[in-house]
Amino acid sequence: MPQHNAFYAQSGGVTAVINASACGVIEAARENGDQIGKLYAGHNGIIGALTEDLIDVSQESDENIAALRHTPGGAFGSCRYKLKSIEDHRTQYERLIEVFKAHDIRYFFYNGGGDSADTCLKVSQLAETMGYPIQAIHVPKTVDNDLPITDNSPGFGSVAKYIATSTREAGLDIASMCATSTKVFILEVMGRHAGWIAAAGALAGEDATQPPHIVVFPEVAFHRKEFMARVDACVKEHGYCVVVVSEGARYEDGTFLADAGNTDAFGHRQLGGVAPTLAGMVKQDLGYKYHWAVADYLQRAARHIASWTDVEQAYATGRAAVEMALAGKNAVMPAIRRLGDGADYAWDIIEAPLEQIANHEKFMPLEFITEDGFYITDACREYLSPLIQGEDFPPFVNGLPAVARLTLAKVEKKLTPFTI
């Protein structure tokens, strides 16, 4: 097989383990130097390809690449930029081909979520529509855990572990102070359409008698009167109430509780903060003293408490992407397949077609949510528990976690500038 170069890029919101996937891609590419020449990384995702802003990964030491396994964030820069249809934005696709040709790039690895899978699928279609062969492999990543086919998404296990841990710790704090201070604590977590992260908060307790006492999912229509009755009953029974709420909580008509009225680069509604919204309702309806917190970027950057299982799976999908490309695969994604549960939990990697992943979302199944809509079932707990197992602590230096410090050497540009 002739030797050609490869392109790797990160897309969308980053995770605690997206760089572990990068490590898997890079190390696998280096081990197959007879087929893959240079591996370039796009600076700030697909934008790096369009603007020919490429990073020469060969300039990074093996030690720095290995350190990516325990480094959060996106080492090469990520972006929220979705390529539209080839018909409507042909100029952009022609530019991609121009850049790929100029640098002899035949392998394309795009590390991201659902929108990134769509971009990867479109790039894979370039071979047929524009006559330049590109093998495009999507590397899964999303804290939202909403990618179909794959049992779970790399990035989710670690955010689940962080949220469950934080909920347990905050619950103990509230319990110790509730007699004279805060009665209701509300933690807002990510999850625009799917309540997987909110569900993970319930792992903090053994059942709804322990924090969190209430979980609010996007999949269940929010009814203010029912919610307040549940909060009030909880405070009267336990002395306090801890709530985990998904940012995408919505009313029966589909309106978000915290719709900010704007959209992001992917066209998604910008949400303005459901925790303070709920807290205001609690104050107005019940008069209880409250406190709220938004996990925000902390939940997806918390590499210090990452799930060992998640790190292993993120790295494995990165390696598998290279192996699939070298096997001649195209428009596919390495997906995680669950082989056992509980003490027998096991998994492997299978091939999933991008046509079944792009522009599709996986929501919480009804059997994972209790009938009253405010907690998780035993089936959900059985699904979630293996994903947060194990610790993979980063090395610490001077009391702080060590991280990779890449050189990010830029590749000399060969083409005229391009404006996106």
Side-chain angles (χ1 to χ4, degrees), residues 4-15 18-26 28-30 36-60 64-65 68 71-84 86 89-126 130 132 134-142 264-266 318 321-322 325 404-420:
H4 295 288
N5 297 326
F7 175 85
Y8 167 81
Q10 299 171 321
S11 177
V14 295
T15 77
I18 187 173
N19 287 333
S21 291
C23 179
V25 169
I26 296 165
R30 289 184 173 185
I36 297 178
K38 285 198 171 186
L39 173 62
Y40 300 120
H43 187 212
N44 298 326
I46 196 68
I47 292 175
L50 290 169
T51 61
E52 201 187 1
D53 190 3
L54 307 180
I55 295 166
D56 185 357
V57 180
S58 69
Q59 300 298 311
E60 308 293 346
N64 258 348
I65 297 304
L68 289 175
T71 301
F76 301 104
S78 188
C79 70
R80 293 192 184 278
Y81 188 84
K82 185 175 180 178
L83 290 175
K84 304 300 190 295
I86 296 175
H89 290 78
R90 190 173 185 86
T91 301
Q92 289 187 335
Y93 287 92
E94 290 175 345
R95 172 64 176 189
L96 283 178
I97 289 298
E98 188 179 15
V99 172
F100 290 159
K101 281 182 176 179
H103 297 276
D104 189 28
I105 293 169
R106 297 292 184 91
Y107 303 104
F108 177 80
F109 303 106
Y110 207 28
N111 199 173
D115 288 307
S116 308
D118 179 66
T119 295
C120 194
L121 177 61
K122 287 185 172 72
V123 170
S124 75
Q125 296 165 346
L126 291 172
M130 296 185 177
Y132 184 79
I134 289 286
Q135 286 177 257
I137 311 293
H138 180 243
V139 185
K141 171 249 39 163
T142 174
D264 65 15
F266 285 144
V322 175
R405 301 292 186 185
L406 304 185
T407 60
L408 302 179
K410 295 297 183 70
V411 177
E412 183 179 352
K413 294 186 178 184
K414 303 180 179 181
L415 306 173
T416 57
F418 182 83
T419 302
I420 59 173

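Quick caveat, the model's predicted, so the values are computed rather than measured. For the numbers below, each heavy atom of this structure counts, side chains included, while hydrogens, waters and symmetry mates do not.
For the atom pair Glu60 CD and Leu406 CG, the distance stands at 4.5 Å (nearest 0.5 Å). Considering CG of Asp104 and CG of Asn5, their distance stands at 5.0 Å, rounded to 0.5 Å. For the atom pair CG of Leu50 and OG1 of Thr419, the computed distance is 11.0 Å after rounding to the nearest 0.5 Å. Rounding to the nearest 0.5 Å gives a distance of 6.5 Å between CD1 of Ile420 and OG1 of Thr51. The CG atom of Leu39 lies 9.5 Å from the OH atom of Tyr8; values are rounded to the nearest 0.5 Å. To the nearest 0.5 angstrom, Glu94 atom CD is 9.0 Å from Phe418 atom CZ.
Closest non-hydrogen pair, Ala404 versus Thr71, comes out as N-OG1, 2.8 Å. Contact record, Thr142 with Gly113: CB-CA, 4.4 Å, taken as the closest heavy-atom pair. Looking at every heavy atom in both residues, Ile18 comes nearest to Gly74 through CG2-CA, 4.4 Å. When all heavy atoms of Ala136 and Ser124 are compared, the closest pair comes out as CB-CB, 3.7 Å.
Judged by distance alone, with hydrogens and angles left aside, the side-chain atoms of Asn111 form a donor-acceptor pair with the main-chain N or O of Val139 at under 3.5 Å. Under a 3.5 Å cut-off, the side chain of Ser11 and the backbone N or O of Gly112 do not form any donor-acceptor pair. Of the possible polar contacts, one joining the Asn19 side chain to the Pro72 backbone as a donor-acceptor pair under 3.5 Å is found.
Note: Phe108 and Phe7 meet the aromatic proximity criterion, with ring centroids under 6.0 Å apart.
For the pair Leu96 and Met130, the minimum side-chain heavy-atom distance is 4.5 Å or more. Looking at Lys410 and Ile55, their side chains come closer than 4.5 Å, going by heavy atoms from C-beta outward.
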Decide yes or no on side chain to side chain contact (heavy atoms under 4.5 Å, CB included) for Phe76 and Val57, but give the supporting numbers first.
CA-CA 10 Å; Phe76 301 104; Val57 180; 4.2 Å; yes
Quick one: do Lys122 and Tyr93 satisfy side chain to side chain contact (heavy atoms under 4.5 Å, CB included)? Show the steps, please.
CA-CA 9 Å; Lys122 287 185 172 72; Tyr93 287 92; 2.8 Å; yes
So Arg95 and Glu98, salt bridge (Lys or Arg N to Asp or Glu O under 4.0 Å) or not? Walk me through it.
CA-CA 5 Å; Arg95 172 64 176 189; Glu98 188 179 15; 3.7 Å; yes
Quick one: do Val123 and Tyr110 satisfy side chain to side chain contact (heavy atoms under 4.5 Å, CB included)? Show the steps, please.
CA-CA 10 Å; Val123 170; Tyr110 207 28; over 6 Å; no
Given side chain to side chain contact (heavy atoms under 4.5 Å, CB included), test Asp56 with Lys38 step by step and report yes or no.
CA-CA 8 Å; Asp56 185 357; Lys38 285 198 171 186; 3.2 Å; yes
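Under the side chain to side chain donor-acceptor pair (under 3.5 Å) rule, Glu52 has a single partner from Lys414, His43, His103, which is His103.
With sequence neighbours left out, the side-chain hydrogen bond (donor to acceptor under 3.5 Å, both in side chains) criterion links Gln92 to Tyr81. Judged as a side-chain contact (heavy atoms from CB on, under 4.5 Å), and not counting sequence neighbours, Asn44 has no contacts. For Arg106, the salt bridge (charged side-chain N to carboxylate O under 4.0 Å, His left out) test picks out no residue, with sequence neighbours left out.
Using cut-offs of 30° and 60° for the angle between ring planes, the Phe100 and Tyr132 rings count as parallel.
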